[in-house]
Amino acid sequence: MRLSLGTIVPGILALALGSDAILRTLPLDPLAFRPWEAATRYRAPDAPFVASRSFTKAHAYGDLAALGAFPADREYRSETFTTDSWGYRNPPSANRLPPWGLLVGSSFSAGAGVNDDETLAARLGREVHETVYNAGGESLELWRIRSLYHRLGMTQGVVVYEYLERNDPPVIPDDDAPPPKGPVEAAFDRFGLETTYLYFQGWTAVSPLEVALGRRYRALKDDQWLPKEVSGVIERSLGNGERMLFLRYEQTLYQRRSRTEFIEYWRWLRRRLEADGLQLLVVLVPSKYTIYGDLLDPPDGRVQEGQAFLARLESGLRGRGIMAVNLGPPLRLAAAAVVGERRYVFFRDDTHWNAAGIELAAREVARGWEAQRNSLPSREEGGPDSAEGPE
Amino acid sequence: MLFNSLRFLYGFLPPTYLVYWRLKTRAQRHVWLTLTGYVFYSFWNYRFCALMALSTLVSYTAGRGLLAFEDPRRRRLCLVVPIAADLLLLGFFKYTNFLLDTAGGLAALFGRPLELTHLDILLPVGISFYTFHTISYIVDSYRRTIVPTRDFFEFACYVSLFSQLVAGPIVRFREIQADLEAIDVADRKAHLDRGWSFFAIGLAKKVLLADTLAASVNPALAAGDLGTASAWLCILGYTYQIYFDFSGYSDMAVGLGYLFGLRIPQNFNSPYKATDPSDFWRRWHISLSSCLRDYVYIPMGGNRSGALGVYRNLMLTMLIGGLWHGASWTFVFWGAYHGLLLSGYRAGASGWDALPAALRRGATFVLVVVGWVFFRAGSFGMALAWLRAMFVFTPGPWIPGALGLALAIGLCAAIAHGAPNSFELRHEWGPPATLGLATLLILSLGVMYVGEVRPFLYFQF
């Protein structure tokens, strides 16, 4: 048979497309460096994760080591990640009874990198001797929070709102209704194919071929063959001589944002929750760089601005009668106290806090809740935010 | 949409190709290529399709006028009005802020600071290329070098042909007119292997070579503070990056042309094998340099303007060439630098040509490399610091990825200086070479899959 480029090139293109399409139907678990990627592929409706699945990875490692191709910095750990029938990270029976608290927030709440029993919800539940439903994974709009506590049958209790320092201020929506669906999703819905649509979305969103090739390519970014600088991850030395990875953009001084819009959002949210008999507790979580920036060699003093920003946010919230716990100071103190022993409150190879950091956070949140639930005025003062500090 | 994107390879090319060869008549194929050209363009910014349509309409009308009128005054009107309109559009979109900056700088120099606000102007991609297409068509029609077409879609298809639309080559109407007129009798299989061969080679040049060089050079230049070794690595890396980037694009354009039965002329002829500056410009971006020669240099008098006049013509032509590349004084300086090289060579050609060929080739290459500093640097400050680091020993650390960069430079140098170029190849491959090309294509696809795709350098011009 004659080999002709006119046949071979289109053949290769077709083969690559076909392989990609077929590989997308295979499970992602064996390829994923941690359970999170596999759990977020085929999401349950309006949820961050796939429903009713359990993923275990014996040699999971951190997102920064994967993203920035730092194989030498990987900290291998075993991780089990279980979701309930609604697609949230909880034990299968978690949504059968109304919980004491509903935890909403980012991947910090969901517990990226830690086991099911080490998440903030699990730890907080143990601290307060109650059940806390873990709805962490991505920021939730009010209609989704409301839908969740209605489904859970919550008529009292607390919504614990975790806010991560580097995230943008939440936006007050124009109305409480869910946003209209896009034309494709609406068309699927019209024929009762919502699950098919979600499968289709997961199928198009993640290409195992791309994941596998990307990993091979990133391995070349070792500062010998290709520069690491092209990735968004930086490696820094700590004062104790160990290396730690950070997201590059965490160094940005985003802390100089005005706190007014944050506080306005939580004032608005608290009013809405109170109307349904629920309380709001805001948990302010610092970014990793804010905690470790001044423990680096040489130290980066700019991170004090991040600490100050969270402190201003906390005082502004409390001044408005909104319960708030700033995890910056306790995490910073703990980080400084144990860094000499080469122990940490965040993973060195990951942007998230580790089990020790979460345990401390849960303790502080429980303590803050206990201290503030009766001491803060039940109704906020009106008028402008007079406690506004320097921006 | 980039040729080196999966969207192009899987979303645009197959339907464009399959429908094209299902259509039978010339008119159908012209309309289809016009439509797909606009679709291709709209992926960048659909609003600017109207600008291209306007330019097409004005130039087509001028061509019809030149076909109809014999009266010199009317013919001149058909020449001047559309060219003025084209240049005004190009000037507005590409050079307004440059002029404002220059005026502000000059005013400040004379102690009269001006408050000139930058206009928020988005440069339509490819405007420099399709403006040259339309201008060359009008001038050639005026000179009666070509007979303007009566067929609107033949002309519209020439202007909007996706393979040459956004980054050239600047194909003149006369170079493609025969193929456009015989488009209905083109044989799909006649150039299929040749087309894919050009395309695969071009893709590999762009994705595997140029982009690999860029991955190390760009962050190193952004970081600044280069030592001598790193400064040379960066400029050599950029020297080969721009060649493999642009010649890769041109090869892909030629290959795509073949797939649709259209022969697009050669744009690069091993420019780094040039033995003098004049030879370099006969080999580098041939479609641009021949346009500058035919539409700028020769109308100014060319070689027949007396001794000083020739130097003036050379300098002005190269200054315009520099400015065409970008609205910045560093591009103008780069043009002036090449004008000086051409003038210098003209003045001392007899002495230069007596030198051994290898020495002339090496010296020409170094002179070209020095010029790329001004082309790549964003400012004169950066260019001077870079040149200082190159020529005055400056200690400094190795840039990240230096080993990979050095090896890539070595490979690129071997190809650019030692291997035949795409047009010197016969594109009739035996099984081992076919498999080799297939492997290069697979590797290129792999890099494209991981999303490490960079736009072509010449898109910005």
Side-chain angles (χ1 to χ4, degrees), chain A residues 1-24 31 33 37 66-70 72 203-236 248-249 251, chain B residues 6 9-10 13-14 17 188-201 203 212 214-220 222-223 255 258-259 398-408 427-435 437-452:
Chain A
M1 194 183 100
R2 185 176 159 261
L3 283 173
S4 118
L5 278 180
T7 316
I8 286 181
V9 174
I12 289 171
L13 293 176
L15 194 67
L17 186 66
S19 313
D20 186 21
I22 290 166
L23 285 171
R24 281 169 192 260
L31 265 180
F33 65 93
E37 272 62 33
L67 188 68
F70 288 90
W203 186 85
T204 52
V206 183
S207 160
L209 184 63
E210 190 182 321
V211 172
L213 290 171
R215 195 165 293 168
R216 292 265 69 80
Y217 189 80
R218 277 199 303 277
L220 293 172
K221 293 179 180 174
D222 59 353
D223 274 349
Q224 295 286 316
W225 296 103
L226 286 174
K228 275 195 184 300
E229 298 302 317
V230 292
S231 77
V233 180
I234 48 169
E235 189 184 40
R236 293 283 182 268
R248 183 187 297 278
Y249 71 81
Q251 295 179 112
Chain B
L6 297 174
L9 281 182
Y10 291 128
L13 188 56
Y17 179 83
R188 186 178 72 83
K189 290 182 179 166
H191 300 296
L192 193 61
D193 288 354
R194 193 173 174 78
W196 280 121
S197 175
F198 262 103
F199 188 83
I201 290 172
L203 189 67
T212 302
S216 295
V217 171
N218 290 347
Y258 277 125
L259 293 184
W398 286 105
I399 56 172
L403 176 64
L405 179 59
L407 287 174
H427 297 278
E428 290 168 5
W429 307 107
T434 304
L435 289 177
L437 271 180
T439 308
L440 289 180
L441 178 71
I442 290 167
L443 287 173
S444 305
L445 278 176
V447 177
M448 287 160 68
Y449 256 98
V450 299
E452 295 281 339

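Below, chains carry the letters A, B, ... as their sequence lines are ordered, and counting in each starts from 1.
- Of all heavy-atom pairs spanning A:G214 and B:V450, the tightest one is N-CG1, 3.0 Å.
- For a residue to count as touching a neighbouring chain, one of its non-hydrogen atoms must lie under 4.5 Å from one of that chain's; by this rule B:L6 does not touch chain A.
- Only the side chain of A:L209 comes within contact range of chain B, with heavy atoms under 4.5 Å apart.
- With a 4.5 angstrom heavy-atom cutoff, A:I8 touches chain B only via side-chain atoms.
- Contact detail for B:Y449 and A:A16: the closest heavy-atom pair is OH-O, 3.6 Å.
- Residues B:S216 and A:W225 share a closest heavy-atom pair of OG-O, 4.3 Å.
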Audit row: B:T212, A:L226, side chain to side chain contact (heavy atoms under 4.5 Å, CB included) steps and yes/no
CA-CA 8 Å; B:T212 302; A:L226 286 174; 4.3 Å; yes
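- Of all heavy-atom pairs spanning A:L5 and B:D193, the tightest one is N-OD1, 3.8 Å.
- Between A:L13 and B:W196, the shortest heavy-atom distance links the atoms CD1-CH2, 4.1 Å.
- Shown here for A:I12 and B:A438, the closest heavy-atom pair between the two residues is CD1-CB, 3.5 Å.
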